[in-house]
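Input: a single structure, listed below in structure tokens.
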Amino acid sequence: MVYHSSFVDEEGISKACGCPLLPLKSHIRGPAPVSEQDTTDIVDEAITFFRANVFFKNFDIKSSSDKLLIYLTLYINIALKRLEGCRTLAEGTKAIINLGLENVPVPGEAGFPFPSLFSPAQSKKEAELFRNYLKQIREETSGRLLSVAYRPNGTPNKWWSAFSKRKFMNMVLP
């Protein structure tokens, strides 16, 4: 059984492209509301559930927060693929920074991985808001992923790097 997001009550949460802009425990500037440091956010859920959810070929959506969980699961999969050849934390950090500098497509643009999952932006302002949110959440996920993908001594954690070979929802990664 696939793990779903616990963020089902979306009262007071703004949306862009049919996706809730959930709060993050982040020091990175962006459009996401700031969450309390002692609470679990969507990035924590994505990293916690990644190793179980990556095995599933189908993912039934129970709330719109699940859409974000699916997006983050694919992003973690791509990030682990980039970290595959990096033998030290310094090399991994460099690879993740380069991944973060890449263009972030939004629904309705070429290169967006789940065109039918999210609704296209109704305006340029909504597209830019969603692009900035995705960029912020990707940067936050990358930083937290490095702390679990590498041991404290800077060597790769084989229990995480082994998942770089998995295909999430049978998607071929770039």
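This chain uses plain numbering: 1 for the first residue, then up along the sequence.
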Worksheet item: So how far is it from E139 CD to I28 CD1, rounded to the nearest 0.5 Å?
Response: 5.0 Å
Worksheet item: What about Y75 and F50, are their ring centers closer than 6.0 Å?
Response: no
Fill in: Side-chain H-bond candidate by donor/acceptor type, Y3 with R51, under 3.5 Å
no
Worksheet item: Would a 4.5 Å heavy-atom cut-off, applied to side chains only, mark S63 and F7 as touching?
Response: no
Worksheet entry | Under 3.5 Å donor-acceptor, N132 side chain and G30 backbone | no
Worksheet item: How close do P31 and L129 get, heavy atom to heavy atom, and via which atoms?
Response: CB-CD1, 3.5 Å
Worksheet item: Are R82 and N98 close enough that some pair of their side-chain heavy atoms sits under 4.5 Å apart?
Response: no
Worksheet entry | Over all atoms of both residues, closest heavy-atom pair of A46 and L69 | CA-CD1, 3.5 Å
Discussion item. Using every non-hydrogen atom in the two residues, find where L22 and P33 come nearest and quote the distance to one decimal.
Written reply: O-CD, 3.9 Å
Worksheet entry | Validation row: I13, K15 side chains within 4.5 angstrom (heavy atoms) | no
Worksheet item: Is any side-chain heavy atom of L146 closer than 4.5 Å to a side-chain heavy atom of L83?
Response: yes
Discussion item. I need the E140 CD to L72 CG distance, nearest 0.5 Å.
Written reply: 11.0 Å
Worksheet item: Nearest 0.5 Å, what's the OG1-CD1 distance between T141 and I76?
Response: 6.0 Å
Worksheet item: Going hydrophobic residue to hydrophobic residue with side-chain gaps under 4.5 angstrom, can you get from I61 over to F55?
Response: yes
Discussion item. Quick check: closest heavy atoms across D66 and S5, and the distance to 0.1 Å?
Written reply: OD1-N, 2.8 Å
Fill in: Student check: side-chain heavy atoms of L99 and R138 closer than 4.5 Å
yes
Fill in: R87 side chain vs T155 backbone, donor-acceptor pair below 3.5 Å
no
Worksheet item: Going hydrophobic residue to hydrophobic residue with side-chain gaps under 4.5 angstrom, can you get from F114 over to V54?
Response: yes
Worksheet item: If we only count heavy atoms from C-beta on, is the I47 to W160 side-chain gap below 4.5 Å?
Response: yes
Discussion item. I need the F112 CZ to C17 SG distance, nearest 0.5 Å.
Written reply: 7.5 Å
Practice prompt. Would you name the heavy atoms of P105 and A110 that are closest together and state the gap between them?
Written response: CB-O, 3.8 Å
Fill in: Validation row: Y150, T88 side chains within 4.5 angstrom (heavy atoms)
no
Response to the item:
Between K67 and G18 the two heavy atoms that sit nearest each other are NZ-O, 3.6 Å
Practice prompt. To the nearest 0.5 angstrom, please state how far the CZ atom of F118 sits from the CD1 atom of I70.
Written response: 7.5 Å
Practice prompt. Indicate the ring-plane relationship of F59 and H4, choosing parallel, tilted or perpendicular according to the 30° and 60° boundaries.
Written response: perpendicular
Discussion item. So, taking the atom named CZ in R29 and the one named NZ in K135, what distance separates them when rounded to the nearest 0.5 Å?
Written reply: 13.5 Å
Item to complete: State, with a plain yes or no, whether a side-chain heavy atom of E84 is found less than 4.5 Å away from one of S161.
Response: no
Worksheet entry | E128 and R131 ion-paired at < 4.0 Å | yes
